[in-house]
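In what follows, chains carry the letters A, B, and so on, assigned in the order in which the sequence lines appear, proteins first and then strands, with residues in each chain numbered from 1.
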Amino acid sequence: MVQLRSLLFLVASFASCLYAKSSTGDSVLVIVEPSKQDNYSLFFNGLKDQGYELTFRAPKSEGPLVIEYDVPNFAHVIVLASETKNLGKDVTPQSLVELLGKKTNIILALSTKQTPLTSLAAEFSLTLPPPGTPLVSYFPERKELPQIIPVSVQPNAIVSSSINPVWFSGVPHAIGNNPMIVPILRAPVESFASETDGGSADALVDASERGGEGLWAGSQLGLVTGFQTLDNSRITFVGGAEVFSDEFVTKEISKGVPSGNAEFVRDVAAWTFQETNVYRIDSTSHHLVNATKPLEQYTNNDNIVFTADISKYDPKTSTWAPYSGLKDLQLEFTMLDPHIRTALLSVSGKPGKYSVTFRAPDRHGVFKFAINYKRKGYEHQIPCLKDLLTSNDLCSLTYLESSTTVPVVPPRHDGYPRFLSAAWPYYTGAISTSLGFFLFSALWLAGDSREKKIKGHKAE
Amino acid sequence: MAPKTSSPPASTNVVHTLWKAYNEQTSDRLKFVDAFLFFLMLSGIAQFLYCVLVTDYPFNAFLAGFSSTVGQFVLTASLRSQVNPENRNEFKEVSPERAFGDFVLGSIVLHFFVYNFLG
């Protein structure tokens, strides 16, 4: 009866997850052991319901190829075969990095075994513990093994705010100091990484006394972490593939409380597959203040208007809608260094339009209008929980970059003002001298003629 | 006791005497020339003070304006000395009309240069 109710709840949750499509494509390649494929059926069916086309591939098989002739065949890749050492000639850490460079998104599951993918995680500043040390926690008291841990989800912008605790089994990783990392799920405070078979309590005590790298423990460890590359492709490292499994999705956290795994993996897939927090610059334009057409070159001290149109992807309707909510967009007018760095403000009344008017510097040269917007932001506004969030637990907005080159030339020989306002005392001085001279000579000659008349009268 | 020297009253006395003598002994025409000379001196001082205190930014304009007043001052001063009847012995070959003609010609050339350089 309870199982039926929880199953109904699951079905309802999947139905309520509206049809949401990715902005970069619907084809997904899933690399998973064929024998384990049915373990993740709820997750895959959820993706299919959302509109993705899944292609399955066994780890050792040669096809379908992930990348062919430098063109990726799929928009997204999920690697759930975390225990296989050889994933085929075309799925190597180098090829995965190449895929990211070609804007393919990846979900990667890790495991306690050391595979080439372990070293790939290190390239993204995520350090894995020694092989064979999964995450272990003895709290809360439960009948499952210590390696199967219910993790409460700290609210952050990728995962919806009210998700039930998530079942997790796998390895943690230490999160490095990289601004492009987006932590999604952190380990519970009471957990630690240790060898479950063959490990003894003494070894644990030794490790804790060593300090530093000796004991992997606490909420500083990440379990599910995302990374947004400079090409705006996203890769998520999941500490264990069981997070996606049907068993964890249907297992209850406590009596009557279903696990949050279904919603959690859906939100993770939504962020990784470019459904949420995806922005783009539609167009940019520049012109003089009272004109509309862009000029080929501007002059020193010109007043220039720069406009950018930015839209945001709406996954529910699969369309790009103009978005005026960016509050700290900046424009740089750069020649080697930014000569002007000013705020690009949204124009009220015109959705998606951002515009600024500024005076070109008094230098001539080749400048460029540069927008370089890399931010971590909120997808949903969570006002009451804001103080719980650390500054790292925000998801990344798509990096917005644009650069338009334009020459700025010095004024032509007749482009300078004719009379300088600083020189008016000298102008008045010279003019008053001339006027004085004319007046003086006129009066002098008048006086001369009067004297001659007087002399003439006297002579008579 | 030393006799009280009346220096402050003496200096004002000297200036006063000088001014009275000037007023009585110079003819009206010469006073007229002196007035023009005084005006030119004021104008030159004003431009110089502006250049020193505020800015010498269009330096060519300062040079033009200042040299306009200075040049005009020189020409007017030479006119005054050539026209003064007390200097008749010095300037036997130069009649007052010739002096005035030289003055006008020199002034016109000066103003031509000034406006060219004024920018």
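Using a 4.5 Å cut-off between heavy atoms, Phe100(B) contacts chain A through its side chain alone, with no backbone atom that close. Interface remark: Ile431(A) contributes backbone and side-chain atoms alike to the contact with chain B (heavy atom separation under 4.5 Å). Heavy atoms of Leu118(B) lying under 4.5 Å from chain A belong to its backbone as well as its side chain. Interface remark: Leu75(B) contributes no atoms to any contact with chain A (heavy atom separation under 4.5 Å). For Val54(B), no part lies near chain A; criterion is any non-hydrogen pair under 4.5 Å. With a 4.5 Å cut-off on non-hydrogen atoms, Val114(B) touches chain A through its side chain but not through its backbone.
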Show me, pair by pair, the donor-acceptor contacts under 3.5 angstrom made by side chains of residues 304-311 of chain A, not counting sequence neighbours?
residue, atom, partner, partner atom, Å
Asp309(A), OD2, Ser283(A), OG, 3.1
Ser311(A), OG, Asp282(A), OD1, 3.1
Ser311(A), OG, Asp282(A), OD2, 2.8

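Without hydrogens or angle criteria, Gln274(A) side chain to Thr398(A) main chain gives no donor-acceptor distance under 3.5 Å. Between the Arg363(A) side chain and the Met335(A) main chain, no donor and acceptor come within less than 3.5 Å of each other.
The shortest side-chain heavy-atom distance between Ser346(A) and Leu326(A) does not fall under the 4.5 Å cut-off.
Each of Gly447(A), Ala423(A), Pro425(A) has some count of heavy-atom pairs under 4.5 Å with chain B, and the biggest count is that of Pro425(A).
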Using atom types as modelled and no hydrogens or angles, find all donor-acceptor pairs between chain A and chain B shorter than 3.5 Å.
residue, atom, partner, partner atom, Å
Arg418(A), NH1, Gly119(B), O, 3.0
Ala422(A), O, Tyr50(B), OH, 2.8
Tyr426(A), OH, Thr55(B), O, 3.4
Ala430(A), O, Tyr115(B), OH, 3.4
Thr433(A), OG1, Ser68(B), OG, 3.4
Ser434(A), OG, Tyr115(B), OH, 3.0
Asp448(A), OD1, Arg29(B), NH1, 3.4
Asp448(A), OD1, Arg29(B), NH2, 3.3

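Tyr399(A) has its ring centre no less than 6.0 Å from the ring centre of Tyr373(A). Checked against the 6.0 Å centroid criterion, the rings of Phe103(B) and Phe440(A) qualify as a close aromatic pair.
Within 6.0 Å of atom CZ in Phe48(B), 12 or fewer heavy atoms from other residues, nucleotides or ligands are found, so the atom counts as exposed in its surroundings.
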